[in-house]
2 protein chains.
Amino acid sequence: MTSDKDPTRAHREPPRRPPGETGRPAAVAQAGPGAAPPPDAPGTSDESSTPGTSAAPPTAPPAAPRTTSRDVARAAGVSQAAVSLVLGDKWRGRVSPAKAEAVRAAARDLGYRPNLAARNLRMGRTRTVLLVVPALTTEFYARVYTGAARVAADHGFGVVLYPSPEGIGPARDPFASAAATLDGVLASSMAADALTALRTAGLPLVMLDSDPDDERATATVNLDIAGGVRQLAAHLLGLGHRHLAHLAADVDSWTFALRARTLGAALDEAPGAVLRREPAELSVAAGLHAAHTVLTGPGPRPTALLCDDDILAAGALKAARRLGLRVPEDVSVTGFDDLALAVAVEPELTTVRLPAEEFGEAGMRALLAVLDGGPAAVPALPVELVARGSTAPPAGAGIPSRTGNAARPGGR
Amino acid sequence: MTSDKDPTRAHREPPRRPPGETGRPAAVAQAGPGAAPPPDAPGTSDESSTPGTSAAPPTAPPAAPRTTSRDVARAAGVSQAAVSLVLGDKWRGRVSPAKAEAVRAAARDLGYRPNLAARNLRMGRTRTVLLVVPALTTEFYARVYTGAARVAADHGFGVVLYPSPEGIGPARDPFASAAATLDGVLASSMAADALTALRTAGLPLVMLDSDPDDERATATVNLDIAGGVRQLAAHLLGLGHRHLAHLAADVDSWTFALRARTLGAALDEAPGAVLRREPAELSVAAGLHAAHTVLTGPGPRPTALLCDDDILAAGALKAARRLGLRVPEDVSVTGFDDLALAVAVEPELTTVRLPAEEFGEAGMRALLAVLDGGPAAVPALPVELVARGSTAPPAGAGIPSRTGNAARPGGR
DNA sequence: CGCCGCACGTTATACGTAACACGTCCGGCT
DNA sequence: AGCCGGACGTGTTACGTATAACGTGCGGCG
């Protein structure tokens, strides 16, 4: 007997579903009996009129009673435990091949799908990790996601993506209780402030693009941002530029701080080089404004603008054009990241290509390693300078060094 | 007596916890006694060298034994059920205010977080919905997400974002069993092919930007794309353009098909208007190529290029420049969507602004309505023509209609 | 005076799965 | 002959939560 017949199940179970199956449960469920009153169901007051869309087909799917492993067991003539073993692929010497096949057939016929909620509860693990990214810059992190998701999938993990709040205040932290639903977290340091609740839950946390000494992280994975900045500096110095301006992202983030620091250090070593820093938010408009400020400010006009981001560089391009300056003849402009934008503008941007997908892959590998208990050691990923049309020797320069393209820094 | 003392629990329960409470359960929990051997811990064989980052701090977080509602009950001197009632805010006449407060205090002191996996299993609902978007275009859907997540949060729901596969083949459908983890799905029709498994699970599905008659959807929510296209056509016709070219997104999608259809219809009504269609993938390079083809093709050169997307328009701008054509003097270019890119290029794009956040909000509201059992009726959201510098009367035009800016289509 | 119902709680399940701890044959070894 | 151990399974339990069902005293009403 398969225990499903047991008499102890005297008590009736709760009403499985609200009665309505097709008809009209509409209004009642709305501000229902006692069901968790929606904190406030304001709806921003859009009185809907003229229904332009939507349709409820005749057949309203009436809450299919999911088939459980016990159903499969019954159909295959075995115990529920056997089903679990077979479908879990650990039946080596525990179930006869014949019955195993019967189980698989029954599962297939019934369209059995294991209930993940139950499995998660039982196992205490979910094979799901969270990827937290800043909301601001989407293309780069979209690619990071792609790489991370690929690696995760290869290991049987799913990835939940969370573009960190902005409209959604941290007040309403969506992960207050999510620890039971997640095995680990991969997060950009730029979105780290959204992580307070997750930290306290003690989840493994691998941080991207963050200070290796960050106390919050179990491990960190980085791009070789400093190397990219040095390549950029060498490129411009090699072209003969000495008056530079840095359009610095006005974001409190480790990476951007590192860029500023590295750039400063690189120019300190170059005799006669001067650098002006101008902060700007990460938008085209802000880049335009900052570049305008720098190009029209007092003192000698910079001959090259290093922008922390391709978006800023696009703004700088516009500023130059409005001032009647040609790029790159009158002023050089560089970006960072190598987004699609970099080749959409005219001239195309000299920039630093960040291997976004590889970054995501490396981060996910590190996280999975941590979940396996091993320490995750990951070298900083190399980046690459991509010289395009937005940089050239400055107007007054002789023949700088004989190479117009100093992609290789040459003498250290 | 607080139920933890009950005699009926005669059977020995398995070792409740590995003995350690503070000391060292670390390794044991890892690949513990019999605990689920990791299916395969390959690590994809990247022999890590030169650890550039990562660090395992001295204290390895030893799998914190989560505090349960029973722990809270014990601390507060009540039963577990009472804890559930109090924290679930349904203790109106069931628990004395004093005890209720004690429960809340205990929960706070112990840092209790309800186990979502258990709650989900018990309730059969997760208060979580999935948002499926195409991987290609990120900025637009990032904004859709923002709107959707805001509405969801206001109703106590979480949103899981899934940029539909590409690198991740549909073969490895991440949602094969996720039905138990999700209450519903909001999906762009462009990503609908990733939904096979979800459909079969019978989850409520609200589709964005899709054919209202789509059988797969429980409901649909749309932008007034057709209206936008008509505004665009009226704008260009009003400026005097008669030779138009349509750079059509080479994507099999309802929205794009609708754009083509509507544009054709609009021009059919305009005497003397001719339209050429050129398909292109959604990238700058493809837009460049398609525009080049159209501008250098046989017959009279089009004076206006309607692009299905700002990205394509950026490519068209580049093509015109390379051919020595000025925009908008020699050729007008329009985009669609009004992405950040639209104002990053020179000249800035005349385009159709899609209210992405409102779109996400409307979609989520519709989905939540469906989950509440009500039919979701949503009017198509209005869109807005944004006239910028990339459009002007064609070279040979007299004085088109006296207004250079036909933002208001005039006669319907 | 008897009993209803309210205020206040507690007990007992069940959700669906994974896996531990037992059983039962049966062939083979000492 | 005794019995060990492998093959083949099944029974049972627990994961942590939400809630239906079941008790209690106690004040008031008929």
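Here is how names work: the chains are called A, B, and so on, in the same order as the sequence lines, proteins then strands, and each is numbered from 1. What's counted below: heavy atoms across the whole structure, side chains too, no hydrogens, waters or symmetry copies.
- Summarising the geometry of B:Asp183 relative to B:Arg125, their closest heavy-atom pair is OD1-CA, 3.5 Å, with the distance given to 0.1 Å.
- Taking every heavy atom of both residues into account, B:Thr128 and B:Phe157 meet most closely at N-CD2, 3.8 Å.
- Judged by distance alone, the side chain of A:Arg66 and the main-chain N or O of A:Arg113 form a donor-acceptor pair under 3.5 Å.
- End-to-end axis angle of the helix from C:dC1-D:dG30 to C:dT30-D:dA1, using five pairs per end and rounding to 10°, comes to 70°.
- Distance, B:Leu121 CG to C:dT17 C1': 9 Å, rounded to whole Å.
- What separates CZ of B:Arg92 from P of C:dA7 is a distance of 13 Å, to the nearest Å.
- At D:dA18, one or more side-chain N or O atoms of B:Arg119 fall inside 4.0 Å of OP1 or OP2 (strictly under the cut-off).
- Atoms CZ (B:Arg70) and C1' (C:dT11) sit 12 Å apart, rounded to a whole Å.
- Proximity of A:Ser69 to the phosphate of C:dT17: a side-chain N or O atom is located under 4.0 Å from OP1 or OP2.
- B:Ala366 pairs by the side-chain contact (heavy atoms from CB on, under 4.5 Å) definition with B:Val206, B:Val221, B:Ala376, B:Val378, not counting sequence neighbours.
- Residue-to-nucleotide proximity on DNA chain C shows that, of B:Met123 and B:Arg94, the 5′-proximal contact is made by B:Arg94.
- Put simply, CZ on B:Arg122 is 9 Å from P on D:dA18, counting in whole angstrom units.
- Rounded to an integer number of Å, the gap from A:Asn120 CG to D:dA14 C1' is 16 Å.
- With sequence neighbours excluded, the residues that form a salt bridge (charged side-chain N to carboxylate O under 4.0 Å, His left out) with A:Asp71 are A:Arg74.
- In the set D:dT17, C:dT11, C:dA19, the nucleotide with an atom closest to the side chain of B:Ser79 is C:dT11.
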Taking only distance into account, with no hydrogens and no angle test, what donor-acceptor pairs under 3.5 Å do side-chain atoms of residues 95-108 of chain B form with protein atoms, sequence neighbours excluded?
from     : atom 1 : to       : atom 2 : distance (Å)
B:Ser96  : OG     : B:Lys99  : N      : 3.3
B:Glu101 : OE1    : B:Arg104 : NE     : 3.4

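- In this structure, the side-chain contact (heavy atoms from CB on, under 4.5 Å) partners of A:Ser84, at least two apart in sequence or on a different chain, are A:Gln80.
- Across residues 96-112 of chain A, A:Ser96, A:Lys99 each have a non-hydrogen atom less than 4.0 Å from an atom of DNA chain D (numbered order).
- Distances were taken from every side-chain heavy atom of B:Ala82 (C-beta onward) to each of D:dT17, C:dT10, D:dT10; the shortest belongs to C:dT10.
- As rounded to whole Å, 13 Å separates atom P of C:dA7 from atom CH2 of B:Trp91.
- In this structure, A:Arg92 and A:Arg94 have side chains that are not in contact, with every pair of non-hydrogen atoms separated by 4.5 Å or more.
- For the pair B:Lys90 NZ and C:dC8 C1', the interatomic distance rounds to 18 Å; values are reported in whole Å.
- One atom, CG of A:Leu85, and another, C1' of D:dG9, lie 9 Å apart when rounded to the nearest Å.
- Side-chain atoms of B:Val78 and B:Val83, non-hydrogen and from C-beta on, do get closer than 4.5 Å to each other.
- Dashed line: the shortest gap from a side-chain N or O of B:Thr68 to OP1 or OP2 of D:dG16 is not under 4.0 Å.
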